[in-house]
Every structure is written in C-alpha cells, then in structure tokens.
Amino acid sequence: MIDMESHIKDLLSDAINSAVRNKDLVFPEGLEIILERPRREGQGDYATNVAMLIARHWGMKPRDAAEIIKAHLGQSEYVEKVEVAGPGFINFFLSDEWLTGVIKDILAKGPDYGKSDIGRGKKAQVEFVSANPTGPLHIGHGRGAAVGDATASILSFAGWYVEREYYINDVGLQTKILGRSVQSRYFELLGKPEHAPFPEDGYKGDYIYKIAEEIIAEEGDKFFSLPTEETLDYFRDYALEVILNEIKKDLEDFRVNFDVWFSEKSLHERGLIDEMVDFLTRRGLAYEKDGALWYKSTLFGDEKDRVLIKSNGEPTYFASDVAYHKDKFDRGFDLVIDVWGADHHGYVPRMKAAVQALGKSPDALQILLIQFVSLIKGGKLVPMSTRAGQFVTLREMMDEVGVDAMRYFFLMRKCDSHLDFDIDLAKSASTDNPVYYVQYASARIHSIFKEAASRGVAVVDPEKVELSMLSTEEEKALIKCLARFPEEIKKAANDLAPHILIYYVYDLAKAFHSFYNAHRVLGEENSLTNARLTLVRAVKVVLLNILHLLKINAPEVM
RNA sequence: GGGCCUGUAGCUCAGUAGGAUAGAGCGACGGCCUCCUAAGCCGUAGGUCGCCGGUUCGAGUCCGGCCAGGCCCGCCA
C-alpha cells in the first residue's frame with residue numbers, strides 16, 4: 001500500500017514542473033506542497049492550496065493557476081476525480097480501489113498498522129512524574145503519568161527509541177523534613193513527644209504515622225537512648241524507601257513502567273555537579289559574585305542570571321538539574337522531554353538556557369507543562385490543597401473510578417489546558433462517558449465475531465473478499481476514518497500531544513457505531529457478510545492498536 | 001511591575017504551517033430495538049471565536065494594545 005499523501009504530493013510536484021516547462025513559468029523558491037483533509041463533504045479526500053501560493057509568482061489568479069496544475073496532473077488509479085474549487089483549492093477524490101486497499105493494508109500489517117519511521121531510530125527520553133518521595137502520589141501526578149507515558153508510547157510507535165525515566169529527589173531539605181516528621185511521630189507514638197518536636201513545615205499526613213508505626217514494630221524503642229540528630233538519617237532513609245516503594249507500586253498499577261529510576265543522590269556521589277560547574281566555568285559561562293557562583297543564563301534569553309553554588313558552598317536545586325540534564329545528553333539522547341507541573345513554568349527559560357550552555361539546541365529539550373486537575377463530584381469542586389495535606393491520592397482515584405477511565409480522562413485534554421475531572425461521569429456506565437463509548441465499540445466487535453463463530457461463518461482471506469461491496473455512506477466513512485490512523489500518529493508524535501489520539505479513537509468509535517446501527521454484518525448475502533466482516537476485522541485492528549498504545553483496556557464483554 | 005498559560009455554542013473542550021459555509025460531546029427538543037450488546041443510532045435548535053486595531057487575496061489561527069481568570073517571578077526544593 002502506498003503512502004497516499006506522498007503519492008499525491010508527487011503527482012502535484014510533477015504537474016507543477018511540467019506546467020513550468022510548458023508555459024515558461026518559474027518554479028518558486030522553497031515552495032512546499034501542503035495537503036490537508038477538508039472538513040466538508042464534497043471537498044474531496046485531500047486538498048491543497050498550492051495554486052493559491054503559486055499564483056502570485058505566475059502572475060495569475062489562483063483559480064487559473066489551479067486549472068493549469070490540474071491539466072498537467074498525471075493519471076493515478078487511486079485518484080477518481082480532481083476538482084478546482086473555492087478560491088483556488090485543488091481537491092482530490094480517491095477511488096474505490098484506494099478504499100479496499102486500506103482494508104487489505106490494515107489486515108496485512110496488524111499490530112504494526114499506523115507505525116511510522118519519522119523518529120528514524122533517534123533516541124528520546126521522557127522524564128515524568130518525578131514526584132518527591134515525601135508523600136503519596138496525588139491526582140496531579142496521575143495526569144503527568146498518563147501524559148508522559150502515552151507520549152513515550154506514541155514516540156516509540158512513530159519510530160523513536162524511547163526511554164522512560166523517573167528522577168528521584170532523594171537529597172536536600174525536603175527529605176530532611178520528611179525524616180524529622182517521621183522521627184517526631186515515632187516519639188509521639190511512644191509517648192515522648194518532647195524528644196523531637198514536629199517540624200513547622202513537616203508532613204502532616206496519616207502515612208507518616210504509619211511509617212512511624214512500622215519502625216516501632218521493627219525496632220521498638222531503641223532510638224530512645226540515642227541523640228535525635230544521630231538517628232535522623234535512619235528515619236529519613238527508611239521513610240524515603242517506604243514511600244518510593246509505594247510510588248512504584250501506584251505507578252505500576254497505573255500501568256506505567258519506567259526504564260530508569262534516576263537518583264539525585266547519585267549525581268552528587270558521582271561528582272557530576274562539580275563536573276558540570278567546571279564545564280561551565282571553563283567556557284566562561286559562570287562567575288563569582290557575593291560569594292556565590294552564578295550561571296550567565298541571560299546570555300541565552302533568561303531574565304536574570306542564576307545561582308549554581310550558594311555562598312554557603314551548597315549547590316542549588318538548579319545546579320542539580322543542570323548536571324542532570326547534562327547527564328541526559330551525555331547519555332546520547334537526541335530529544336529530552338520533561339513533564340512538569342504547570343506551576344514550574346517560570347523554570348523553563350533557565351532550563352532552556354542551560355541546555356544551550358551545554359552546546360545543544362534549545363529544541364532538544366521539550367517541556368510539557370501539565371495544568372492542574374480539578375475534581376468535580378456531584379457537580380461541585382472537590383477542595384484540594386497539598387499544603388493542608390488535603391488531597392485525593394492516585395490510589396484512591398484508581399480504587400474509585402478505575403484505571404481505564406482515569407487514563408482516558410487525563411489524556412482527553414491538551415496538557416496545558418485545565419482539566420475538569422468529573423468523577424461521577426468517569427464512573428458512569430452510560431452514554432455520556434466517552435471511555436465506555438469507545439470500549440463499547442470493542443465489545444460490540446467481539447460480539448459480532450462470537451456470533452459469527454456460532455453461526456459457522458468463517459473468516460475469509462481479505463484477498464478473496466469482494467471488498468467493493470462496501471459501498472454505503474457509513475462503510476466508506478468508516479474506511480476513510482481507518483485510513484487516517486497513520487497520519488494521526490504522526491501528528492500526535494510531532495506535537496507531543498496524546499489528546500490527538502483520544503479525539504481520533506472517539507471518531508473511530510463513532511464511525512463504527514454509525515455503521516453498526518445502519519447495517520447488519522451477519523445474515524446478509526454471503527459476499528456482503530464477508531466484506532463487512534473483513535471491514536470489522538480492520539476496525540478491530542486499529543481500535544486495539546490505539547487502546548494498547550494508550551494502555552486502556554479493550555473489553556470483549558460489557 | 002515583568003513573564004507564562006487560558007478565553008470558541010448554556011456546560012466541557014477540539015480546531016492541522018493562515019484557507020472553503022465554525023467542529024465534537026454533554027445538556028435541551030423530536031424520532032429509532034421482532035434483528036450481531038439501545039452503555040447505541042438518526043435528526044433539530046444553539047456562535048459578533050474576550051474586546052479594539054494591524055498584516056493580506058483570505059485571520060479562531062500571525063502581530064500590537066486592552067479586558068478577565070489561573071500560575072510564576074528566592075543564594076527554597
């Protein structure tokens with residue numbers, strides 16, 4: 001099966017070239033032929049505005065240029081008709097041969113249908129979630145997890161080599177506060193709260209008590225006799241490990257698996273921060289002022305220079321991050337994608353500036369900012385505040401609404417749009433719920449095959465099926481929808497935008513449901529039943545490919 | 001004060017490098033199961049794309065200025 005888009009582009013550029021020769025015209029410098037898919041019926045399957053772009057160079061009206069190009073177009077068995085329309089569009093109507101070719105192509109490729117090679121095997125890394133291991137994941141992390149994971153899957157499907165990575169902030173002030181919080185609860189539970197007062201900005205959640213209880217169960221009161229400063233590291237390390245394990249389990253149950261768990265501590269232990277500082281200093285990109293070491297990020301568009309090493313000798317969080325990103329690029333990634341909460345957006349310019357200091361294009365780092373999620377329950381906003389320890393955890397949500405609905409809802413919107421997550425809607429087994437709508441298509445397809453088997457209708461080799469019998473409006477619309485999948489993958493990969501696939505899979509389910517309601521697959525005359533059954537097989541392939549990619553279940557029965 | 005994101009139908013949102021008559025879902029209204037799952041389908045209504053100006057053959061899309069909402073602006077992490 002040929003790539004229809006490039007086929008039509010070839011036809012067009014050949015036509016323009018021969019028009020240029022015949023009519024003694026010029027071929028405009030840098031002209032690029034763009035195809036689009038017209039929204040409206042009657043405007044063909046593909047359209048181009050190239051005549052409108054070229055008209056000025058040829059000194060004629062757009063429609064006249066379009067007619068000249070059309071007159072020079074070569075024949076193609078896949079193109080049924082070409083029309084000049086509107087202000088000067090050239091519309092291509094594809095033939096029935098093309099439609100049947102789509103179905104055969106899908107069934108031949110199966111799970112590979114829709115794959116692309118636009119990544120050309122280059123290395124991409126997606127770093128996401130990376131929540132501090134100081135407490136359980138909440139729903140905001142869930143959205144980042146879904147978006148990061150789906151983005152990675154899409155890139156992989158589009159021909160990139162992809163790794164998923166989680167950055168563990170296992171050093172620094174927050175971990176110390178965590179340690180103090182647990183230590184304090186430990187003494188509190190043992191009736192000696194005065195030994196270690198609860199820190200002012202400590203972690204107040206119940207999980208801190210649980211960890212303290214575990215320690216009591218394992219170690220009893222053995223820390224009574226030791227100075228609290230000496231045992232702090234124990235409490236901190238213990239808590240970090242417990243919490244990180246919970247995070248890992250939450251993510252696994254959310255169907256996210258990381259290739260690399262990268263410890264910030266290891267950056268320090270391997271001396272990578274000093275190495276980075278040397279690197280910048282040697283290049284004249286760092287200077288001392290007020291006893292601190294500063295990075296000249298203003299050279300690369302940041303609004304002010306940033307401190308790398310504080311006057312007390314400690315590196316800033318930013319320094320760790322620069323060293324971390326240097327390490328990412330040192331590991332050979334061509335594209336590094338960071339998924340951050342949108343509240344970190346002010347951090348983007350300095351990170352981009354850092355990437356340039358490392359000698360990379362700022363585009364080698366792409367940052368996806370994940371906007372906040374508002375939970376709606378009973379039509380009302382669920383109040384949430386991390387500071388007050390009042391938040392809904394990822395685990396609670398998974399238990400309440402299920403992973404399929406969560407992943408679908410988190411992927412449903414552009415990641416930089418606020419998301420209203422309607423819990424009642426996500427849970428409802430009703431027509432309103434888009435997850436069920438899409439999954440219902442899967443269940444119906446399975447039901448057709450089950451019924452076919454019980455009626456003794458065999459699956460026939462697509463080459464031996466009269467696919468030309470698929471001639472109704474709904475059938476053609478469904479096939480055209482199937483044919484869009486590879487393009488949707490490319491779009492989603494280029495834009496790092498999983499929501500494109502959610503919109504597409506919804507369209508596909510809609511086209512299928514329309515077909516299903518308008519026509520019967522089984523019980524028709526043999527050749528028609530075979531043709532429709534073959535079409536349904538193709539729908540199943542595409543539907544499953546998408547749902548697998550997004551890690552949403554495709555139930556056989558609902 | 002500066003910066004980033006958002007502003008499209010009653011609600012929630014799409015909208016391809018600037019293209020043709022503005023797109024879905026929900027909600028509202030009206031139809032469709034003797035039949036492979038009605039968790040479905042079909043139809044109707046609903047819009048000065050926040051406001052004003054500019055760029056051009058053409059602007060929801062690009063530029064400038066306002067307005068509204070959210071977020072950020074530390075030798076915190």
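So you know, we letter chains A, B, ... as the sequences are listed, proteins then strands, and number each from 1.
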task = Measure the acute angle between the ring planes of F485(A) and Y504(A), then classify it against the limits of 30° and 60° as parallel, tilted or perpendicular.
result = parallel

message = The side chain of S417(A) is closest to which nucleotide in this list: A20(B), C71(B), C13(B)?
response = C13(B)

query = Rounded to whole angstroms, how far apart are NE2 on H418(A) and P on C13(B)?
reply = 9 Å

query = Does the side chain of C415(A) reach to within under 4.5 Å of the side chain of H499(A), using non-hydrogen atoms?
reply = no

query = For the pair made of CD in E200(A) and C1' in A77(B), what is the distance, rounded to whole Å?
reply = 17 Å

task = Please work out if Q439(A) contacts a base, only the sugar-phosphate, or nothing of the nucleic acid, heavy-atom cut-off 4.0 Å.
result = nothing

key: F89(A)-A20(B) aromatic stacking (under 5.5 Å, under 30°)   = yes

request  = Drop me the distance from D64(A)'s CG to K61(A)'s NZ, to the nearest 0.5 angstrom.
outcome  = 6.0 Å

inquiry  = Under 4.0 Å, heavy atoms only, any strand: does I34(A) hit a base, just the sugar-phosphate, or nothing?
reply    = base

ask   = Within the structure shown, what part of the strands sits under 4.0 Å from K61(A) by heavy-atom distance: base, sugar-phosphate, or nothing?
value = nothing

key: Contact under 4.0 Å: H513(A) side-chain N or O vs G25(B) OP1/OP2   = no

query = With rounding to whole Å, what would you report as the distance between C72(B) and C26(B) at their P atoms?
reply = 36 Å

key: Separation of the C1' atoms in G30(B) and U34(B), to the nearest angstrom   = 24 Å

query = Touch check for R37(A), heavy atoms < 4.0 angstrom, all strands: base, sugar-phosphate only, or nothing?
reply = base

query = Base, sugar-phosphate, or nothing: which does D290(A) touch, judged by heavy atoms less than 4.0 Å apart?
reply = base

Torsion-based syn/anti label for C33(B), 90° from 0 as limit = syn

inquiry  = Over all strands shown, is S311(A) touching base, sugar-phosphate only, or nothing at heavy-atom distances under 4.0 angstrom?
reply    = base

task = Provide, to the nearest angstrom, the distance between the CG atom belonging to D416(A) and the P atom belonging to C71(B).
result = 16 Å

message = Heavy atoms only, 4.0 Å cut-off, all strands: where does M412(A) land among base, sugar-phosphate and nothing?
response = nothing

task = Measure distances between side-chain N and O atoms of R413(A) and base N and O atoms of C13(B), and say whether any donor-acceptor pair falls under 3.5 Å.
result = no

query = Is the shortest side-chain N to carboxylate O distance from D321(A) to R350(A) below 4.0 Å?
reply = no

remark   = Among the nucleotides C75(B), C36(B), G40(B), whichever has the atom closest to the side chain of W294(A) is C75(B)

remark   = Winner on side-chain proximity to R520(A), out of G19(B), C35(B), C41(B), is C35(B)

request  = State, without any angle test, whether E474(A) and H519(A) hold a side-chain donor-acceptor pair at a distance under 3.5 Å.
outcome  = yes

ask   = How close or far is atom C1' of C26(B) from atom CG of D420(A), stated in whole angstroms?
value = 13 Å

query = What's the closest nucleotide to the N517(A) side chain, out of G40(B), A77(B), A20(B)?
reply = G40(B)

key: A17(B) and C11(B), which share atom name P, separated by this distance in whole Å   = 29 Å

ask   = What does H519(A) touch in the nucleic acid at a heavy-atom separation under 4.0 angstrom: a base, only the sugar-phosphate, or nothing?
value = base

request  = Identify whether any heavy atom of S428(A) sits under 4.0 Å from a base atom; if not, whether one sits that close to sugar-phosphate; answer base, sugar-phosphate or nothing.
outcome  = nothing

key: Centroid-centroid distance, F421(A) to F410(A), less than 6.0 Å   = yes

query = Taking N and O atoms by type only, does the side chain of N91(A) place a donor or acceptor under 3.5 Å from a partner on the base of A20(B)?
reply = yes

query = Is any side-chain nitrogen or oxygen of K510(A) closer than 4.0 Å to OP1 or OP2 of G23(B)?
reply = no

key: From C36(B), C13(B), G19(B), nucleotide with atom closest to M52(A) side chain   = G19(B)

query = Centres of the F262(A) and Y166(A) rings: under 6.0 Å?
reply = no

request  = Between G172(A) and R56(A), just flag the one whose closest nucleotide in RNA chain B comes earlier from the 5' side.
outcome  = R56(A)

request  = Tell me whether the OP1 or OP2 atom of G70(B) has a side-chain N or O from S374(A) closer than 4.0 Å.
outcome  = no

message = Return whichever of T316(A) or V557(A) has its heavy-atom-nearest nucleotide of RNA chain B closer to the 5' end.
response = V557(A)

task = Measure from the side-chain heavy atoms of Y503(A) and tell me the nearest of A77(B), A20(B), A14(B).
result = A14(B)

request  = Using a 4.0 Å heavy-atom cut-off across all strands, classify E556(A) as base, sugar-phosphate, or nothing.
outcome  = base

message = If I take atom CZ in residue F92(A) and atom P in nucleotide A20(B), what distance separates them, rounded to the nearest angstrom?
response = 18 Å

query = P atom, C67(B) versus A28(B): distance in rounded Å?
reply = 39 Å

task = Just compare G19(B), C75(B), A20(B) and give me whichever is closest to any side-chain atom of A47(A).
result = A20(B)

query = Given the C1' atoms of G23(B) and U8(B), what is the spacing between them in whole Å?
reply = 10 Å

request  = Determine: side-chain N/O of K310(A) to OP1/OP2 of A77(B), distance under 4.0 Å, yes or no.
outcome  = yes

query = Are F515(A) and F512(A) close enough that some pair of their side-chain heavy atoms sits under 4.5 Å apart?
reply = yes

ask   = Looking for any heavy atom pair under 4.0 Å, which part of the strands does Y347(A) touch: base, sugar-phosphate only, or nothing?
value = base

request  = Look at all strands and tell whether Y506(A) reaches a base, only sugar-phosphate, or nothing, counting heavy atoms closer than 4.0 Å.
outcome  = sugar-phosphate

query = Would you say the side-chain atoms of D3(A) and S6(A) include a donor-acceptor pair closer than 3.5 Å?
reply = yes

task = Both distances under 3.5 Å, Watson-Crick or G-U wobble: on that basis, could you give the dot-bracket string for RNA chain B, with [ ] for crossing pairs and | for other-strand partners?
result = (((((((..((((.....[...)))).(((((.......))))).....(((((..]....))))))))))))....

key: Span that lies between the P atom of U55(B) and that of G64(B), in whole angstrom   = 15 Å

key: Minimum-distance nucleotide to Y440(A) side chain [options: C75(B), C41(B), A38(B)]   = A38(B)

query = Can you tell me how far C1' of A17(B) sits from NZ of K9(A), to the nearest Å?
reply = 11 Å

query = Just how far, in rounded Å, is P of A39(B) from CZ of R444(A)?
reply = 8 Å

request  = Evaluate the criterion side chain to side chain donor-acceptor pair (under 3.5 Å) for residue pair Q439(A) and S442(A); output intermediate values, then yes/no.
outcome  = CA-CA 5 Å; Q439(A) 292 185 318; S442(A) 158; over 6 Å; no

inquiry  = Using a heavy-atom cut-off of 4.0 Å across all strands, would you classify K414(A) as base, sugar-phosphate, or nothing?
reply    = sugar-phosphate

request  = Name the nucleic acid region contacted by Q174(A), choosing base, sugar-phosphate or nothing; use a 4.0 angstrom heavy-atom cut-off, strictly under.
outcome  = sugar-phosphate

ask   = When rounded to the nearest Å, what value does the distance between C1' atoms of C42(B) and U48(B) take?
value = 32 Å

query = Are a donor atom and an acceptor atom from the side chains of E264(A) and S320(A) found within less than 3.5 Å of each other?
reply = yes

query = Per the atom types in the model, does the base of C5(B) pair as donor or acceptor with the side chain of H345(A) at under 3.5 Å?
reply = no

key: Distance in angstrom units between Y408(A) OH and A14(B) P, rounded   = 13 Å

key: Nearest-0.5 Å distance that lies between atom CG in L482(A) and atom NZ in K540(A)   = 14.5 Å

